[in-house]
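These notes are about the structure you will find just below.
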Amino acid sequence: MIPDVSNSLTWLEKHYTILDGIQRGVERETLRILPDGSLSSMPFPAEIGSALTHPWITTDFAEPMLEFITPVNTNIDYTLTFLRDLHRYTNIQIRDELMWPLSMPCFIGKEEDILLAQYGSSNEGRLKTLYREGLKNRYGAMMQIISGVHYNFSLPQAFWQAKEGIKNTEEGQDIISDGYLSLIRNYYRFGWVIPFLFGASPSICPSFIKDQKKLAEFSQQNNGSYFLPYATSLRLSDIGYTNDAQKQLGITFNDLETYVRGIQKATHTRSEKFSQMGVKVDGVYRQINDNILQIENEFYAPIRPKRVPKKDETPSEALLRGGIEYIEVRSLDINPFSPIGITEEQIRFVDLFLIWCVLAPAPKMSSDELQCAKVNWNRVILEGRKPGQIISMGCGDHHEPLAKVGHNLFKDLLRVADVLDHKDSQKRYRQVCEHLDVMFDHPELTLSARTLQAISDMGTAKFGFALAKQYKQQLNAEPLQILTEKDFICQRNQSLAKQKCKEEEQQLSFDEYIKQISQ
């Protein structure tokens with residue numbers, strides 16, 4: 001069963017103000033598609049600015065793969081409205097193109113049709129594109145254009161001061177880091193609840209998978225869609241972005257230094273498999289290096305400890321310098337029923353769950369136990385809505401019904417909700433709990449079930465395309481609410497100027513630059 005959190009919840013209820021000021025940020029990915037449904041081959045719109053240096057709107061793996069980034073804020077409504085403004089403005093700048101509203105791509109005939117993201121002629125910009133070239137050669141471009149939502153979360157200083165007795169975040173950085181690592185361990189143990197409730201990728205387009213053996217594992221509908229009947233999030237499965245070499249790393253989340261050293265080792269350990277493809281062949285780079293990880297960001301995880309790096313710092317160097325600053329949750333599919341890919345209900349639930357994770361006892365986890373935890377994740381990802389589905393407790397033979405574990409978890413989450421709602425007459429966190437708890441007994445209400453029903457009626461391609469056109473019209477009709485056109489023009493001009501400076505000021509050749517960063 002779930003751990004006993006009763007003492008911590010009683011303590012929290014006595015200190016109900018210490019959660020005021022949670023900081024959040026959202027990153028949403030989406031593909032630009034043409035009116036005929038094909039993937040766009042147009043460059044990142046110059047009207048928006050530079051994808052290399054724009055703080056809010058950039059690209060991920062591919063040139064047509066947009067990424068929207070909100071600044072950190074303590075107000076949920078502000079964050080969602082800011083994100084919507086980014087969509088509203090971009091929607092106009094991409095002219096007749098549409099934003100694909102599903103995590104799993106469609107309409108893509110050949111991997112060669114996927115243009116890697118371009119960032120200009122500076123060494124920094126060329127490195128970002130080369131990193132993507134390496135990802136394409138290592139794992140295939142199709143896997144890299146799966147879209148998701150990342151949710152960044154940090155607890156206020158008052159929480160750590162009350163819980164751990166620290167004076168400030170700087171003096172207590174080690175204690176805070178340990179607290180966030182406890183959160184991560186519990187996330188691995190119980191985070192399967194997120195794809196159960198919010199997974200939204202139960203199907204794929206046949207163009208996405210060329211391996212007929214893999215396709216044979218799926219059921220096929222008359223409209224051509226391939227699906228697994230009880231799947232929640234194929235995006236998080238082995239169909240998505242995986243790295244077999246990473247499974248052997250044994251990276252754990254028991255203490256910060258061990259975690260960082262594991263990541264750093266992977267970026268300096270040669271991979272026999274990747275070395276066979278060569279680093280630079282006939283004068284053309286194929287990857288940054290032949291290590292297990294080209295750079296630290298290549299490490300795949302459903303949740304990551306983060307700190308904003310200073311100039312020229314790697315993510316791990318930033319963590320060692322200042323400790324964990326915030327948590328990045330990476331297991332949210334694009335919500336197809338929202339024009340911006342995420343809803344207020346989802347944000348409020350993740351808040352509740354992450355707070356529970358930091359309060360609950362979190363025994364240290366070996367790499368073997370991490371693999372055991374992933375068994376539950378895979379079970380939920382591939383057949384989470386299956387009647388009578390069970391969840392394993394640890395690495396033993398003990399199992400519990402998923403619905404029973406879910407209901408018990410929500411009893412705790414309701415108490416957290418009441419703390420967070422202490423100033424809210426609408427009791428919106430409690431409403432979220434009451435709405436979602438029902439889904440354990442009625443999985444047909446989950447996001448994946450609703451998505452699969454729509455796909456059964458229309459087919460994946462038609463469903464996604466219809467939503468894309470609907471959201472195009474909807475966003476076009478909406479005025480900006482927080483940002484102004486002047487704000488966007490200012491960011492455009494500043495980002496283009498910053499890119500130009502980077503291109504004019506560089507002193508090293510690209511070969512020298514690669515050698516320097518690989519040391």
Side-chain angles (χ1 to χ4, degrees), residues 29 39 41 43-44 51-52 58-65 67 105 108 110-148 208 210-211 238-251 260-301 304 309 312-317 330 502-503 506 508-519:
E29 301 159 348
L39 189 65
S41 60
F44 182 79
L52 178 66
T58 182
T59 51
D60 193 77
F61 173 77
E63 189 71 355
M65 191 173 186
E67 183 173 10
I108 299 167
K110 301 177 182 178
E111 287 199 313
E112 294 74 34
D113 296 338
I114 302 170
L115 176 66
L116 298 181
Q118 304 294 308
Y119 299 99
S121 61
S122 69
N123 285 335
E124 180 184 340
R126 291 176 65 188
L127 180 72
K128 286 173 73 74
T129 299
L130 175 57
Y131 168 57
R132 287 152 176 77
E133 179 73 29
L135 294 177
K136 180 187 76 173
N137 292 329
R138 291 175 173 215
Y139 317 110
M142 284 289 197
M143 301 301 130
Q144 302 303 315
I145 57 170
I146 298 172
S147 299
F208 182 73
K210 302 302 182 185
D211 185 342
D238 284 345
I239 293 169
Y241 173 29
T242 58
N243 181 339
D244 291 336
Q246 292 186 22
K247 295 177 182 178
Q248 310 303 319
L249 294 175
I251 291 174
V260 166
R261 297 307 176 207
I263 296 289
Q264 291 178 339
K265 180 181 179 182
T267 61
H268 292 86
T269 300
R270 181 172 173 270
S271 162
E272 187 64 36
K273 177 182 177 181
F274 298 147
S275 66
Q276 291 175 3
M277 69 177 61
V279 174
K280 190 176 185 182
V281 180
D282 297 329
V284 178
Y285 280 102
R286 294 183 176 179
Q287 52 187 338
I288 296 174
N289 53 54
D290 57 5
N291 296 327
I292 296 173
L293 305 178
Q294 299 175 90
I295 60 174
E296 293 173 5
N297 285 342
E298 193 172 333
F299 177 63
Y300 175 80
R304 285 178 179 168
D312 296 330
E313 269 187 335
T314 65
S316 65
E317 288 169 345
R330 300 164 56 82
K502 288 177 182 291
E503 293 171 347
Q506 64 187 32
L508 298 175
S509 68
F510 190 55
D511 285 343
E512 292 171 329
Y513 183 72
I514 292 289
K515 184 178 180 180
Q516 184 182 78
I517 66 162
S518 297
Q519 291 176 348

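Everything numeric here is computed off the predicted structure, so don't read it as measured data.
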Side chains of [X] and [Y]: does their closest heavy-atom pair fall under 4.5 Å?
X	Y	result
Q144	L116	no
E298	Y131	yes
L39	P105	no
Y285	D511	yes
E272	R270	yes

State the [atom1]-[atom2] distance between [X] and [Y], to the nearest 0.5 angstrom.
X	Y	atom1	atom2	result
M143	D238	CE	CG	10.5 Å
L249	L293	CG	CG	6.0 Å
S121	K502	OG	NZ	12.0 Å
F299	I251	CZ	CD1	4.0 Å
M142	F61	CE	CZ	11.0 Å
I114	I145	CD1	CD1	3.5 Å

If I compare all heavy atoms of [X] with all of [Y], which pair ends up nearest, and what's the gap?
X	Y	value
N297	P315	OD1-CG, 3.8 Å
I514	I288	CG2-O, 4.0 Å
D290	S275	OD2-CB, 3.3 Å

Taking the side chain from [X] and the backbone from [Y], do they hold a donor-acceptor pair closer than 3.5 Å?
X	Y	result
E67	D60	no
N137	R286	yes
E296	S316	yes
N289	Q294	yes
E63	Q118	yes
Q506	N123	yes
R330	Y300	no

(Q) For Y119, run the side-chain hydrogen bond (donor to acceptor under 3.5 Å, both in side chains) check against T129, T58, T59 and tell me which one passes. (A)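 For Y119, the side-chain hydrogen bond (donor to acceptor under 3.5 Å, both in side chains) test succeeds with only one of T129, T58, T59, which is T59.
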Q. Considering the options R138, E133, K280, R132, which one meets the side-chain contact (heavy atoms from CB on, under 4.5 Å) requirement together with Q287?
A. R138
